[in-house]
Structure formats: C-alpha cells, structure tokens
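Data first, discussion second: the structure below is written as structure tokens.
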Number of protein chains: 2
Amino acid sequence: MSRPHSSGSGRGTRSLPAGQPAAQPAVRDLSEGMAARGRRPTAQRLVVLEALRGAKRTVTAPELFDQLREDNPLIGRATVFRTLDSLVDAGLAQRFERPGHVYAYAACSSAHHHHLVCTVCNTTIEIDEAALGMLTRELESRHGFTVHHATLDFYGLCERCAQQESA
Amino acid sequence: MSRPHSSGSGRGTRSLPAGQPAAQPAVRDLSEGMAARGRRPTAQRLVVLEALRGAKRTVTAPELFDQLREDNPLIGRATVFRTLDSLVDAGLAQRFERPGHVYAYAACSSAHHHHLVCTVCNTTIEIDEAALGMLTRELESRHGFTVHHATLDFYGLCERCAQQESA
DNA sequence: TATATATTGAGCCCCAGTATCAAATCAATC
DNA sequence: GATTGATTTGATACTGGGGCTCAATATATA
Ligand SMILES: [Zn+2]
Ligand SMILES: [Zn+2]
Ligand SMILES: [Zn+2]
Ligand SMILES: [Zn+2]
C-alpha cells in the first residue's frame, strides 16, 4: 500500500525503488518470465506484477493505472496496458471477464486454461462437459467456495486448419 | 445468404420475412428462451440467432451487424449488440475472447461454464487442474482438434462473501 | 565507454459498446 | 377490432478502454 517514494526524476525507465522485503521472488519470476520471451525485466513491469500479486483479486487496467500513479506519478498509461498483456503472455498473469463487458487481470503462477475454438477460422465445436461435475464439487468443499458458474473453452486448430497450417 | 427481401417499410419491429425452410427449430428455441426471461421473441432476435447458428463460428458484434445489414438495411446497431447479450443471457449463445482484446459470439445449445473468482469482491483462488489432462486428450482424438490452450474458470462466491450474503 | 536493441510515456485517435428517447410493435383486455 | 400499457426498436450522440506514434531513455552486449 505505502512504499517509500523513490526520488523520482527524469523520464523513461528508472532504477527500481530498491529496498523491498522481497516477500516473494517477484523479481526472479519476472526475470525468468521475460527472459523466456526475449523481453526485459524493467522496473515498471516489476511494479505492475507486484501490485497484481498484492491485490489478490482481479483488477482492471484503468484501476491498476490509477492505483500505481499514487506512488509513481511518472508511470505511463500505455505502459500499464502493455505490461499487463506482457505478463499474461509470459504466464505471470491471467485475464478475466466481469459481468458487463469488463475485463480484469490477476497474478497467477501457472497458466490455466469448453468449446473447441479454432484460432484461425474461429470454427467452434461443442464439447461434452460431464466430467466437470466431480471437479466442481471437490473444489467447493476444498476452498469453501460456492460455484455459480464456470467457463471452460479450448483453443487451438480444427482439423482443416491444422492441415493447411502444415502445407 | 440471400433471403428474399421483405418489403421493408416504416420503422420499428416488422413482421418476419416469413418463408424460411425452418431447418432447425430456431423459432421455437428463441420463443422458449425469451419466454423464460419474460422477453419477446422478435423478428430481429430471430434473425440474429439464425445468423449466429448459420455462422458456425464466433462472430463479433460489429461483424454481425455489417452482415445483417446487407439483407436487412433497417436493423439497428444497438439492436444487434443488445440482442447478442440477450441471447447469451437466455443461454442461446456464448461469448468468447479472441486474441487482441476482441470479443465474439457463437450460438450454443447448452451453456458451458479455471480459477475461483468471487463475483462480489473479485477475490481469486488458484485451483488444481490435473484432472483436465485426460479430458483434453480425449477431445483431441475425438474431434481431430489440436488444443493449444484452454481456459477454465469458476465464478461464484468465496467463503467470506457467502457469509455476508446470508447475513 | 560505445553501440544496438528494447522500453517508456505523452499525446492523439479509434471504435466497441452504451445511453437516450421518440416511434413502432406486441399482448392483453374490453 | 379498438384501446391501452409494457417492450422493443433504431437514429443519434457520447464515453472510455485500449492502441498507435515517436522522441527520449534505459538495458544489454561488446
Ligand atoms: Zn453459466
Ligand atoms: Zn480452423
Ligand atoms: Zn494458455
Ligand atoms: Zn468474495
């Protein structure tokens, strides 16, 4: 919530505030995640990742932007939006949908992932979901969570597009 | 694709083009779906549903609007957007996300539904997904589909919010 | 330290999605 | 079939999430 302000100065990327208790290896996770994509672990990206992890809930990009500005007035709007996508891409965060066409992000260690949806022609194939019943019930008792509804969708290539791909 | 234009006239709701081969009981499904929600099965809603079913793939709202205009220049932009949400609400369609923050719809007979996400406080709890491996493999062989990635998220109430709810 | 590459952020723009509200339709009742 | 009240439609205007541009700046590598 209230990290000592670093002596902000100039523009562009600044050195990290330097002095976090390093509760979780966010720095390491970021370095590895970015390296795997040929990206750089910048101070801004770290700030965003830590904010996400601290939130422990889904946060919208605008929400996060406003929150980060408080301690870091220099951070750019575009940077926050771009970073969120980068984190998702690196498997360090995930995107969710809230009712009313609102989208939010949450930190997540491992990527998670109903329908078959072709990413090339967008063809959809409905799938059988019988297998989920048991899983749902177990989750409810294990986490004390009340499941109202869930989404399960598979993304990939339909048979036809897979062939064209290899041609 | 090319249905005979009904003699368009005036504004507002018109009577249906009247003359479809009625391949699938789209009319009936719509009636039932809307009735269950206290809504009316209008001509526009039927056109949208049939277009969705005919597409057999996910379609964005703007895409669908442009497509529908061709045969029905009178249909309103807002109507298409609203109708899509209505169909999802009635369980006759579902919403999907495409890469790049693009959202699309597809007709679907039964609602489908990884993470636990509280719809009140948005708290998230990561869940174990080991059970999905088998399901994924079976789907791939059954449909000739190549799964690249999938999303599975549960929505509902966390323990705390469930208590407050009942208070 | 010098050089190449990647990232940042301020400003501007686009468009998906929504609010508004009068005209039009439907359902129900007389 | 005319009347009336609840819904829906659609033309229009608006909003804001999110992307683009590009000069300034930081990181990586030699
Ligand atoms: Zn559902
Ligand atoms: Zn395909
Ligand atoms: Zn994935
Ligand atoms: Zn909760």
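These values consider heavy atoms only, across backbone and side chains, with no hydrogens, waters or symmetry-generated copies. Residue numbers start from 1 in every chain, and the chains themselves are labelled A, B, ... in the order their sequence lines are given, proteins ahead of strands.
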Using OP1 and OP2 only, check whether a side-chain N or O of Q44(B) sits under 4.0 Å from dG10(D).
yes

Can you check whether L87(A) reaches M34(A) side chain to side chain, under 4.5 Å on heavy atoms?
yes

Decide yes or no for V102(A) and E97(A): does some side-chain heavy atom of the first lie under 4.5 Å from some side-chain heavy atom of the second?
no

Give a yes or no on whether V88(A) and F81(A) share a hydrophobic cluster (residues Ile, Leu, Val, Met, Phe, Trp, Tyr; joining criterion: side-chain heavy atoms under 4.5 Å apart).
no

What is the nucleic acid contact for R39(B), judged by heavy atoms within less than 4.0 Å: base, sugar-phosphate only, or nothing?
sugar-phosphate

Taking OP1 and OP2 of dT7(C), is either one under 4.0 Å from a side-chain nitrogen or oxygen of T42(A)?
no

Starting at CZ of R98(B) and ending at C1' of dA16(C), how long is that distance when rounded to a whole Å?
14 Å

With a 4.5 Å heavy-atom cut-off, do E32(B) and P41(B) have their side chains touching?
no

On the nucleotide dT18(C), are OP1 or OP2 found under 4.0 Å from the side-chain N or O atoms that H101(A) carries?
yes

Rounded to whole Å, CZ of R77(A) lies from C1' of dG11(C) at a distance of 11 Å

Taking atom P of dT20(C) as reference, at what distance in whole Å does atom CZ of F81(B) sit?
18 Å

Can you confirm whether Y103(B) sits close enough to T58(B) that some side-chain heavy atom of one is under 4.5 Å from a side-chain heavy atom of the other?
no

Gap between atoms CZ and P, on R69(A) and dT8(C) respectively (whole Å):
17 Å

R95(A) side chain N/O closer than 4.0 Å to the phosphate oxygens (OP1, OP2) of dG18(D)?
yes

Atom-pair distance (OH on Y103(A); C1' on dG17(C)), nearest Å:
9 Å

Look at all strands and tell whether R45(A) reaches a base, only sugar-phosphate, or nothing, counting heavy atoms closer than 4.0 Å.
sugar-phosphate

To the nearest Å, give me how far apart CG (L64(A)) and P (dG18(D)) are.
12 Å

Atom-pair distance (CG on N72(A); C1' on dT8(C)), nearest Å:
12 Å

Once hydrogens and angles are ignored, does a donor-acceptor distance under 3.5 Å link the base of dG18(D) to the side chain of R82(A)?
no

Phosphate oxygens OP1/OP2 of dT8(C): is one of them under 4.0 Å from a side-chain N or O of R40(A)?
no

Starting at atom OH of Y105(B), determine the distance to atom P of dA16(C), rounded to an integer number of angstrom.
12 Å

